[in-house]
Structures are given as C-alpha cells and as structure tokens.
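Report on the structure given below.
Just so it is clear, the values below take in all heavy atoms, side chains as well, and ignore hydrogens, waters and symmetry mates.
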Amino acid sequence: MLWLGVAYLGALAALFLTSFWTVNAYGTGQIERIWNLDNYRQLLTIEVYRTITLRTLAIAVGVTIIDALLALPIALFMAKVASPKLRKLLVIAVLMPLWASYLVKAYAWRGMLSETGPVAWLTQPFGLDTPGYGLAAVVLTLAYLWLPYMILPMYAGLERLPDSLLDASADLGARPWLTLRRVIIPVLWPAAIAGSIFTFSLSLGDFIAVKIVGGANQMLGNVVYDNSGAAGNLPFAAAVATIPVVIMVIYLFLVRRTGALENL
C-alpha cells in the first residue's frame, strides 16, 4: 500500500509540475522547463475549455444519477426478493459485462444506436428515431458501462439490512414508499455514495466512449489525449488533466463531510 501510494502520488506530483512548463515555440515539441501559468490562463480565458469542462461534469453527474436509479431496484431485488440460488446467478449476470472488453461494449452501442440498428427498429414503429451519436449516446453508453460499479456496492449495503427492520416497518403500517424512504434509503446511502465515486470518476476521465458514440462532442479526456498525442503539447495536457483531479478531490471532501464513507 505504501509503494502504491508513493507511485500514485508521485505521478500526480509530476503531472502537476509539468503543467507549469511549456513547449518549444518553434514547434519541435520539446518541453521547456520555464515556470509560468500560461496553460492555466488558457483554460480560464478560452471559452471552449470552460464549455468542455462543464459538459464533462454534467455527463458525469448524469451518468451517476441514472446508474443510481437503475441500480436501486436491481440491488433491492437481488438482496431481499431473489432466492439464494437466483441471487448467485444475478451476481454473476451483473459481473459478466465486466469480463468483456471496453471497446467491444462501446462499439456494440455504436451499432445499436446507428440509423439501421436495433434501437431504430424498436422506435420507428412509434414514430420515434434513434438518438444517434451525440451527448445522449455518450450518457447512455457510459451509464451501461459503469452500472455494475453501482449495483454491487448497493447490493452489499442492502445485504446488511436486517429483514426484521422491513417487517417492523410493515407491522407499524408503513406503506412501501415510506419504508423505502425511511428505512431502506438511509441504510443504502453510504453504499450509494461509494458506488457514485466509481461512476462519477470513471465518467469524468473517459475519452474513448465519446470518440466512438459522441459525434463531434469532446470531453476533458479527449483534450488530454489530443494534446499529449497529435498536438505534442504535454504541459497543456497535464494542466487539463488536473481539472478532473481537482474535481474528484472536492467531491471526496464533500462526501467525507457527509459521513457516508465512515458508515460503510
């Protein structure tokens, strides 16, 4: 753990230091170790980067909310309704998508969302059309990719919920929605927060899905990838990469202030 901590924090420190440097003005791509704030000044003054940051943040929040809403009934059924044998099969079913390649799943959604794909076949009889490639496709694809990371913590949290609490709530005359609000959600909240850390952070740093199904849209990960590759501007890529890091530090600080992680 100490070795992993040193390696991870060391990489973050190197990333942060590189963001204060610049590249050779003659286009050679050579890094010049001249300390300045030009990279951060560009991020703050050029509108397109502010737009990309807000878009990335909105997508990460949207994916997290969608996954939480989908994972709740699935995890509740697995933990409290399904038989022990069916529960094991459902856990395997949830884990199975994680065994498949990321690219295979992303390109599968590209095919499904195409004009001749299954989504179009299902929606056209109702006068609807496929959402095509864009922000909606990115949110849908990422929500599918990260859904297991939300289901499993919720399932683990609900397994610790004693059935006697649900029986007591019913005996006292509480309706299902009241039981959900007063009994299940307070117990489930720490597990949901734990799952949101995965879905939020993974969505925040993703750049492959938006290239496959995002059309002309970009996220922060794409800006980092383009500047560290084709553009050859590693210091600016490092500056852009600090944005998700700062956002996650703030998010983890807020989550810790709620006390949810201490109750896991």
Determine, step by step, whether Tyr40 and Phe20 satisfy the side chain to side chain contact (heavy atoms under 4.5 Å, CB included) criterion, reporting the C-alpha distance in whole Å, the side-chain angles of both residues, the deciding distance to 0.1 Å, and the verdict. CA-CA 8 Å; Tyr40 292 100; Phe20 291 101; 3.9 Å; yes
Which value, rounded to the nearest 0.5 Å, describes the distance between Leu89 atom CG and Met96 atom CE? 11.0 Å
In sequence, state the C-alpha distance, the side-chain angles, and the governing distance for Phe207 and Val224, and then conclude on side chain to side chain contact (heavy atoms under 4.5 Å, CB included). CA-CA 9 Å; Phe207 69 96; Val224 174; over 6 Å; no
Quick one: list whatever passes ring-ring contact (aromatic ring centres under 6.0 Å, His included) with Tyr155, sequence neighbours left out. none
Taking C-beta and beyond as the side chain, do Leu98 and Tyr149 meet within less than 4.5 Å on heavy atoms? yes
Could you tell me the separation between the CD1 atom of Ile247 and the OG1 atom of Thr242, rounded to the nearest 0.5 Å? 9.5 Å
Gly195 and Pro153: which non-hydrogen atoms are nearest, and at how many Å? CA-CG, 4.0 Å
Hey, does Asn39 have a side-chain heavy atom less than 4.5 Å from the side chain of Gln42? yes
Connected via hydrophobic side-chain network under 4.5 Å: Ile66 and Ile74: yes
Which atom pair, heavy atoms only, marks the closest approach of Ser228 to Ala237? N-CB, 3.9 Å
Could you check if a side-chain atom of Val81 sits within less than 4.5 angstrom of a side-chain atom of Leu76, using non-hydrogen atoms only? no
Within the structure provided, determine whether Phe200 and Leu57 are in side-chain contact (heavy-atom separation under 4.5 Å). yes
Would you give the length of the straight line joining atom OG1 of Thr51 to atom CG of Asn217, rounded to the nearest 0.5 angstrom? 11.5 Å
If I take atom CG from residue Leu152 and atom CG from residue Leu95, how far apart are they, to the nearest 0.5 angstrom? 5.5 Å
Look at the side-chain heavy atoms of Ile, Leu, Val, Met, Phe, Trp and Tyr, link any pair under 4.5 Å apart, and say whether Leu204 and Val61 land in one connected group. yes
Rounded to the nearest 0.5 Å, how far apart are CD1 of Ile197 and CG of Leu202? 11.0 Å
Please answer: with hydrophobic residues joined when any side-chain heavy atoms are less than 4.5 Å apart, are Trp146 and Val210 in the same cluster? yes
Tell me if a side-chain donor or acceptor on Ser201 pairs with a main-chain N or O of Phe198 at a distance below 3.5 Å. yes
Taking atom CD of Glu115 as the centre, does the number of heavy atoms from other residues, nucleotides or ligands within less than 6.0 Å exceed 12? no
Distance from Ile208 atom CD1 to Asn222 atom CG, nearest 0.5 Å? 9.5 Å
Out of curiosity, does Met154 fall in the hydrophobic cluster containing Leu142 (side-chain heavy atoms, cut-off under 4.5 Å, transitive links)? no
pair Thr64-Ser203: side-chain heavy atoms closer than 4.5 Å: no
Would a hydrophobic clustering, with Ile, Leu, Val, Met, Phe, Trp and Tyr connected at side-chain separations under 4.5 Å, put Val119 with Tyr133? yes
Hey, is CH2 on Trp35 packed in by over 12 heavy atoms from elsewhere, all under 6.0 Å? yes
Can you list the steps and then say if Asp38 with Thr22 is a side chain to side chain contact (heavy atoms under 4.5 Å, CB included)? CA-CA 8 Å; Asp38 291 345; Thr22 186; 5.6 Å; no
Donor-acceptor contact below 3.5 Å, side chain Thr141 vs main chain Val138: no
Can you find a heavy atom in the side chain of Val245 that is under 4.5 Å from one in the side chain of Phe16? no
Main-chain N/O of Leu44 paired to Arg50 side chain as donor or acceptor, under 3.5 Å: yes
Strictly distance-based, threshold 3.5 Å: is any side-chain N or O of Trp121 a donor or acceptor partner for the main-chain N or O of Thr116? yes
Indicate every side-chain donor-acceptor pair of residues 168-191 with a distance under 3.5 Å to a residue at least two apart or in another chain.
| from | atom 1 | to | atom 2 | distance (Å) |
| --- | --- | --- | --- | --- |
| Ser169 | OG | Thr179 | OG1 | 2.7 |
| Thr179 | OG1 | Arg175 | O | 3.2 |

Check: Leu254 and Tyr251 side chains under 4.5 Å, non-hydrogen atoms: no
To check you understand the geometry: which heavy-atom pair defines the closest contact between Ala120 and Ser114, and what is its length? CB-O, 4.0 Å
Of all heavy-atom pairs linking Lys80 and Glu159, the shortest is NZ-O, 4.2 Å
For a 4.5 angstrom cut-off between non-hydrogen side-chain atoms, does Pro235 reach Val23? yes
For Val213 versus Ala137, what's the shortest heavy-atom pair and its separation? O-CB, 3.5 Å
Would you tabulate the side-chain donor-acceptor contacts of residues 99-113 under 3.5 Å, counting partners in other chains and residues two or more places apart, or write 'none'?
| from | atom 1 | to | atom 2 | distance (Å) |
| --- | --- | --- | --- | --- |
| Ser101 | OG | Leu103 | N | 3.3 |
| Tyr102 | OH | Asp206 | OD1 | 3.2 |
| Tyr102 | OH | Asp206 | OD2 | 2.3 |
| Tyr102 | OH | Ala209 | N | 3.3 |
| Lys105 | NZ | Pro97 | O | 2.8 |
| Arg110 | NH1 | Ile212 | O | 2.4 |

Provide the closest heavy-atom pair for Leu90 versus Ala82 in the form atom of the first, atom of the second, distance. CD1-CB, 4.0 Å
